[in-house]
Amino acid sequence: MNRILEKVSVTPEIFTMKIEASGIAKKRKAGQFIILRVSEKGERIPLTIADADAAEGWIELVVQIVGKTTKLLSLLEPGEEILDLVGPLGRPTHIEKVGTVVVVGGGVGIAPAHPIAQSMKAAGNQLISILGGRSKDLVIMEEKMRAASDRVMITTDDGSYGMKGLVTDALQKLIDEGLKIDLVVAVGPPVMMKFVSLLTKKYDIQTLVSLNTIMVDGTGMCGACRVTVAGKMKFVCVDGPEFDGHEVDYEEMMQRQCMYREQEKESMDRCQSE
Amino acid sequence: MEEKKLTPKERLEIPPQRMREQTPKDRIGNVEEVPFGFTEEEARIEASRCLQCKTAPCVQGCPVAIDIPAFIKLICEGDFEGSAKKIKETNILPAICGRVCPQEEQCQKTCVVGKSRKSVDEAVQIGKLERFVADYQMKNCKPEAPHIKASTGKKVAIVGAGPAGLTVAADVRREGHDVTVFEALHKPGGVLIYGIPEFRLPKAIVEREVENLERMGVEVKYNMVIGKIFSIDELLDGDYDAVFVATGAGLPMFMRLEGENLNGVYSANEFLTRANLMKAYSFPETDTPIVKLRNVAVFGGGNVAMDSARTALRLGSENVYLVYRRSRAEMPARVEEVHHAEEEGVQFLLLQNPTRLIGDEKGWVKQVECIRMELGEPDDSGRRRPVPVENSEFTIDVDAVIVSIGNSSNPLIPDTTPDIETNRWGNIIADEVTMKTSKKGVFAGGDIVLGAATVILAMGQGRLAAIAINEYLSTGEW
Ligand code: FES
């Protein structure tokens with residue numbers, strides 16, 4: 001079960017992993033995620049599903065090494081199995097034909113943006129993707145995103161690829177072109193989602209963001225994933241992961257994500273010295 | 001061994017045997033179980049206190065109606081294994097129930113010995129005897145699978161491997177039906193694993209009970225969230241003839257106070273899950289972290305609040321405050337748990353209520369503001385309603401808060417199965433006797449029906465459901 005079929009490193013810090021998981025592959029819809037655990041003493045971490053093939057029975061994850069668990073995951077080789085894999089979790093993206101949809105993906109956030117772009121396009125929307133990264137090698141999944149989009153814009157912080165600047169600059173450009181945007185879906189680092197939402201709010205463009213918080217069970221039992229949306233307590237694993245970007249309390253969410261920074265560092269240091 | 005013939009009067013004069021325990025000082029330094037359990041000698045003396053009443057009021061007090069006088073009699077006779085078997089005719093999880101059931105409100109409450117000695121505390125300690133024989137059997141006897149009837153070819157899906165689900169699994173399997181249990185987490189046991197701490201219920205016991213079920217041919221599938229990977233309809237349209245929904249407690253409730261999303265603020269569910277299921281008490285040996293807990297405030301007065309407070313002590317907290325808005329007499333926790341918590345150094349702030357949480361500039365909780373309360377007129381629950389004393393606010397310094405005021409319901413199954421009726425709190429509505437839901441072939445029990453209840457009530461519902469499921473599968477009548 002949960003056998004690794006393929007592992008490809010994208011950058012020293014990012015890799016993609018194809019995992020045999022026929023049940024999840026069949027059921028998952030755009031916007032959903034999984035939780036996995038790599039060892040008996042391991043923690044449970046949520047990861048979004050970047051791609052899947054129901055017929056072949058696999059799902060694909062795009063993982064950035066940020067802590068011990070992602071590090072251990074990166075050390076697993078094809079043929080090995082992932083100890084625990086549960087999903088699909090979360091509510092799927094509400095897919096509907098609205099007209100023109102701009103999907104914004106930042107860094108590894110491009111991975112979860114991919115199935116959303118695919119489904120939105122399949123529903124008959126005109127699909128524009130904006131892919132952003134710090135530098136060229138961090139703009140991942142470009143080919144797949146091109147296949148899912150009518151138009152792709154690329155931005156890098158350092159100008160090493162595409163337009164120099166942030167995803168919000170590209171979005172502003174689209175707005176300035178006079179394009180009528182009906183929906184923006186943003187997935188990426190919280191700051192990015194925050195600034196995309198601030199921009200679209202100015203122009204009154206409906207915006208969805210997909211949140212990735214700390215989780216434990218992922219089934220609506222523990223409350224670790226709680227966020228404030230429109231002044232109300234919401235649980236990302238059962239009410240989300242997508243929410244109205246204009247209503248999310250990003251500051252609080254970013255703060256909560258730092259809750260275990262010290263311990264994460266300790267864990268990682270130990271792991272590296274082993 | 002021969003049993004001495006005692007007169008009832010002599011029996012009534014035997015003092016209750018008290019279980020030896022780890023000292024409070026020792027036990028907060030480890031996660032081992034607190035009481036050691038009876039020796040054979042102690043168990044036989046305690047058992048000899050039972051009057052073997054014909055009317056057996058204790059049995060009426062037991063949600064699963066264990067034949068209490070019979071199993072106690074076997075202890076008197078020295079047949080400990082036989083005694084364990086006797087219990088297992090009605091209760092498949094005696095090692096667990098002996099530890100976590102609130103016997104003082106059930107079987108022991110109605111015990112004639114306690115009544116005549118004028119204190120529940122002096123009743124025959126049925127729970128401790130139950131624990132003794134169950135532990136004895138586990139330690140000394142060969143595991144044996146109970147008799148399973150010939151296969152019926154019928155299949156039952158059970159959603160959730162907690163107390164209700166496991167009870168149904170055993171009772172339905174015994175009738176010869178195939179049973180698959182779908183568990184969302186990576187381990188079985190539900191609240192027995194993620195919620196109740198090791199020092200109250202060693203996890204090895206839960207694992208052994210589940211192994212027994214597997215030996216009976218029950219299949220447990222982990223990491224399967226029903227409502228996501230399969231809907232209830234898919235289970236019914238597929239292989240299964242009946243489904244029992246026992247998904248347990250839902251989303252934790254918070255108090256809607258300012259500052260509840262500050263860093264360092266946990267629900268009891270999350271705190272206990274990190275500590276128990278994920279073994280955060282061994283961090284960094286294990287990978288799941290928990291925040292530093294020097295000064296901790298726990299909000300609530302139930303068993304889960306006690307578990308949280310006592311777990312915090314074992315994780316190294318210096319000060320653990322338990323803030324409860326009523327007085328000790330109204331605390332819903334078991335007396336035994338309150339007593340243990342107090343012995344271990346949990347500081348009770350009674351008749352006080354948190355009003356807001358105050359954070360530092362980095363978003364970490366640093367203080368709790370509370371207000372003093374006094375008891376006013378009785379409310380709907382019959383308990384005197386606490387009312388705030390004006391201008392009596394004060395603050396305590398904390399670096400973590402654990403909110404333990406209960407759970408609402410889990411939305412996953414109702415959301416994906418609209419034809420299962422729920423009440424206004426989102427709990428599944430099930431018939432009190434058969435545990436049938438509004439959907440044909442679907443039964444439900446445990447916390448998803450009861451709200452937050454106890455392990456034994458969940459098991460009691462499981463027993464009822466199993467009877468009804470077995471009947472439904474044999475007659476086909478809904
Ligand atoms: S992760 Fe536990 S409730 Fe969402």
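Bear in mind that the values here come from a model prediction, so they are computed numbers and not experimental data. Note: hydrogens, waters and symmetry copies are ignored here, and every other heavy atom, side chains too, is used. Each chain gets a letter, A, B and so on, in the order the sequences are listed, and its residues count up from 1.
- For the set A:R28, A:M233, A:E262, A:Q32, the entry with the most heavy-atom pairs within less than 4.5 Å of chain B is A:M233.
- Between the side chain of B:S231 and the main chain of B:G227, no donor-acceptor pair closer than 3.5 Å is present.
- Note: A:F235 CZ to A:C225 SG = 6.5 Å, rounded to the nearest 0.5 Å.
- Interface remark: B:K292 contributes backbone and side-chain atoms alike to the contact with chain A (heavy atom separation under 4.5 Å).
- With a 4.5 Å cut-off on non-hydrogen atoms, B:R274 touches chain A through its side chain but not through its backbone.
- Of the listed residues (A:I24, A:T69, A:L85, A:I35), the one with the most heavy-atom contacts under 4.5 Å to chain B is A:L85.
- The contact between B:K228 and chain A is made by backbone and side chain atoms together, counting heavy-atom distances below 4.5 Å.
- Contact of A:K27 with chain B is made through the side chain alone, with heavy-atom distances under 4.5 Å.
- Only the side chain of A:R270 comes within contact range of chain B, with at least one heavy atom under 4.5 Å from a heavy atom of that chain.
- Your options are B:I229, B:T286, B:V225, and the one with the most heavy-atom pairs under 4.5 Å with chain A is B:I229.
- Of the listed residues (B:W364, B:F230, B:Y194, B:F254), the greatest number of heavy-atom pairs within a distance under 4.5 Å of chain A belongs to B:F254.
- When each of B:V403, B:I290, B:D415 is checked for heavy-atom pairs under 4.5 Å with chain A, B:I290 comes out on top.
- Only the side chain of B:E234 has a heavy atom closer than 4.5 Å to any heavy atom of chain A.
- No side-chain donor-acceptor contact under 3.5 Å links A:E96 to the backbone of A:V98.
- A:Q255 touches chain B through backbone and side chain together, each having a heavy atom under 4.5 Å away.
- Judged by distance alone, the side chains of B:N407 and B:N269 do bring a donor and an acceptor atom under 3.5 Å apart.
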(message) Is there a side chain to side chain contact (heavy atoms under 4.5 Å, CB included) between A:V86 and A:R44? Walk through the geometry before answering.
(response) CA-CA 10 Å; A:V86 53; A:R44 297 167 61 96; 3.9 Å; yes
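- Of the two parts of B:F283, only the side chain, counted from C-beta on, holds a non-hydrogen atom closer than 4.5 Å to a non-hydrogen atom of chain A.
- At least one side-chain heavy atom of A:I45 sits under 4.5 Å from a side-chain heavy atom of A:T70.
- Neither the backbone nor the side chain of A:M253 has a heavy atom closer than 4.5 Å to any heavy atom of chain B.
- The side-chain contact (heavy atoms from CB on, under 4.5 Å) with B:L272 is formed by just one residue from the set B:T311, B:I402, B:I196; it is B:T311.
- Neither the backbone nor the side chain of A:I34 comes within contact range of chain B; no heavy atom of the residue lies under 4.5 Å from a heavy atom of that chain.
- Ranked by heavy-atom pairs under 4.5 Å with chain A, the list B:P252, B:S267, B:G363 is led by B:P252.
- Between chain A and the residues B:V291, B:T247, B:T273, the most heavy-atom pairs under 4.5 angstrom are made by B:V291.
- For chain A, the option among B:N410, B:L277, B:L262 with the highest count of heavy-atom pairs below 4.5 Å is B:N410.
- Using a distance-only test at 3.5 Å, with no hydrogens or angles considered, a donor-acceptor pair links the side chain of A:D217 to the main chain of A:M221.
- In terms of modelled atom types and a separation under 3.5 Å, the side chain of A:D249 and the main chain of A:V227 share no donor-acceptor contact.
- The aromatic rings of B:Y240 and B:F182 lie perpendicular to each other, with more than 60° between the two planes, well past the 30° mark.
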